[in-house]
Amino acid sequence: MSRTFDHLVAEAESVSVAGWDFSWLDGRATEERPSWGYQRSMGERLAAATAALDIQTGGGEVLAGVPTLPPLTVATESWPPNIAAATRLLHPLGVAVVTDEDEPPLPFGDAAFDLVVSRHPVTVWWDEIARVLRPGGTYFSQQVGPASVFELVEFFLGPQPEEVRRARHPDDARSGAEAAGLEVVDLRAESLRTEFHDIGAVVYFLRKVIWMVPDFTVQQYRDRLRELHDRIEADGPFVARTTRFLIEARKPA
């Protein structure tokens with residue numbers, strides 16, 4: 001027997017959204033993964049590095065899953081629950097977690113790292129990335145692309161203007177990197193199928209990824225949530241498209 005709307009919503013409201021682990025969604029939502037395998041590719045680069053920086057590490061889960069870390073590895077994070085989670089997870093691995101407000105400047109000296117990585121950064125300060133990279137160093141990042149999961153965003157917020165839908169375009173990332181003096185050696189983008197199988201998965205996702213619907217609360221959007229619940233019950237999973245792009249850029253030697 002399917003669970004009621006009220007039960008699903010209450011369950012999703014009560015669970016912690018600290019860290020960047022989405023395992024609570026197992027069996028409740030699915031997201032197709034990019035073909036390039038970011039964590040594996042990042043791990044290959046980290047294994048060959050001597051000093052690395054992971055910007056906006058979240059709860060540290062992606063970095064902690066890499067088999068071999070450089071002798072010097074540092075991670076930054078701004079959100080207090082994530083800072084605590086990343087510290088617990090990464091300190092035993094020898095990774096220093098540094099609180100950073102995601103505003104320039106990065107709290108490191110010039111040419112401090114030969115590798116800078118970042119998975120799904122909210123902001124990218126290209127001049128700072130170029131500054132902390134050593135000559136010949138590499139920036140390697142998987143980022144959220146334009147209009148990602150906007151089927152869900154626009155269900156709650158209505159149609160968004162074109163400048164909002166186009167934000168985070170990979171062409172803009174290329175331009176930003178090149179303007180900072182970096183050479184883009186790889187840039188790939190993919191559109192991936194995402195499914196939400198119950199309304200609890202939607203509530204959890206919007207509580208965790210707070211910039212999707214910035215003013216989201218269950219109370220404020222309860223009527224729309226109930227409408228979406230009824231739609232999922234009648235028609236099956238709510239389908240959206242997640243966009244991702246991979247960018248690799250090098251600082252000239």
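None of the values given here were measured: they were computed from a predicted structure. Excluded from the calculations below are hydrogen atoms, water molecules and symmetry mates; all remaining heavy atoms, backbone and side chain alike, are included.
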Salt bridge or not for [X] and [Y], using N-O below 4.0 Å?
{"X": "Arg231", "Y": "Glu233", "result": "no"}
{"X": "Glu44", "Y": "Arg40", "result": "yes"}
{"X": "Arg224", "Y": "Glu227", "result": "yes"}
{"X": "Arg250", "Y": "Asp114", "result": "no"}
{"X": "Asp21", "Y": "Lys208", "result": "no"}
{"X": "Asp172", "Y": "Arg174", "result": "no"}
{"X": "Arg33", "Y": "Glu31", "result": "yes"}

Closer than 3.5 angstrom, by distance alone: can the side chain of [X] be matched with the main-chain N or O of [Y] as a donor-acceptor pair?
{"X": "Arg168", "Y": "Val122", "result": "yes"}
{"X": "Glu32", "Y": "Arg193", "result": "yes"}
{"X": "Lys251", "Y": "Ala130", "result": "yes"}
{"X": "Glu103", "Y": "Glu101", "result": "no"}
{"X": "Ser41", "Y": "Gly37", "result": "yes"}
{"X": "Thr87", "Y": "Ile83", "result": "yes"}
{"X": "Ser14", "Y": "Glu11", "result": "yes"}
{"X": "Arg207", "Y": "Ser16", "result": "no"}
{"X": "Ser141", "Y": "Ser118", "result": "yes"}
{"X": "Arg119", "Y": "Gly58", "result": "no"}

Between [X] and [Y], does any side-chain donor sit less than 3.5 Å from a side-chain acceptor?
{"X": "Thr123", "Y": "Asp102", "result": "no"}
{"X": "Thr243", "Y": "Ser191", "result": "no"}
{"X": "Glu190", "Y": "Ser35", "result": "yes"}
{"X": "Gln143", "Y": "His120", "result": "no"}
{"X": "Trp126", "Y": "Glu178", "result": "no"}
{"X": "Asp54", "Y": "Thr57", "result": "yes"}

Flag the pair [X] / [Y] as yes when at least one side-chain heavy-atom distance between them is below 4.5 Å, and no otherwise.
{"X": "Gln220", "Y": "Thr217", "result": "yes"}
{"X": "Val149", "Y": "Phe196", "result": "yes"}
{"X": "Leu206", "Y": "Leu152", "result": "yes"}
{"X": "Ser148", "Y": "Arg244", "result": "yes"}
{"X": "Phe238", "Y": "Glu195", "result": "no"}
{"X": "Asp215", "Y": "Tyr221", "result": "yes"}
{"X": "Leu225", "Y": "Phe216", "result": "yes"}
{"X": "Leu63", "Y": "Leu46", "result": "yes"}

Quiz item: Is the number of heavy atoms from other residues, nucleotides or ligands within 6.0 Å of CD (Glu163) greater than 12?
Solution: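 Enclosed.
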Quiz item: When rounded to the nearest 0.5 angstrom, what is the spacing between CG in Leu246 and CG in Leu187?
Solution: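 Here the rounded value is 8.0 Å.
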Practice problem: Give the C-alpha distance, both sets of side-chain angles, the deciding distance and a yes or no for salt bridge (charged side-chain N to carboxylate O under 4.0 Å, His left out) between Asp26 and Arg28. | Solution: CA-CA 5 Å; Asp26 290 351; Arg28 312 183 73 146; over 6 Å; no
Exercise. Look at the side-chain heavy atoms of Ile, Leu, Val, Met, Phe, Trp and Tyr, link any pair under 4.5 Å apart, and say whether Phe150 and Leu192 land in one connected group.
Key: no
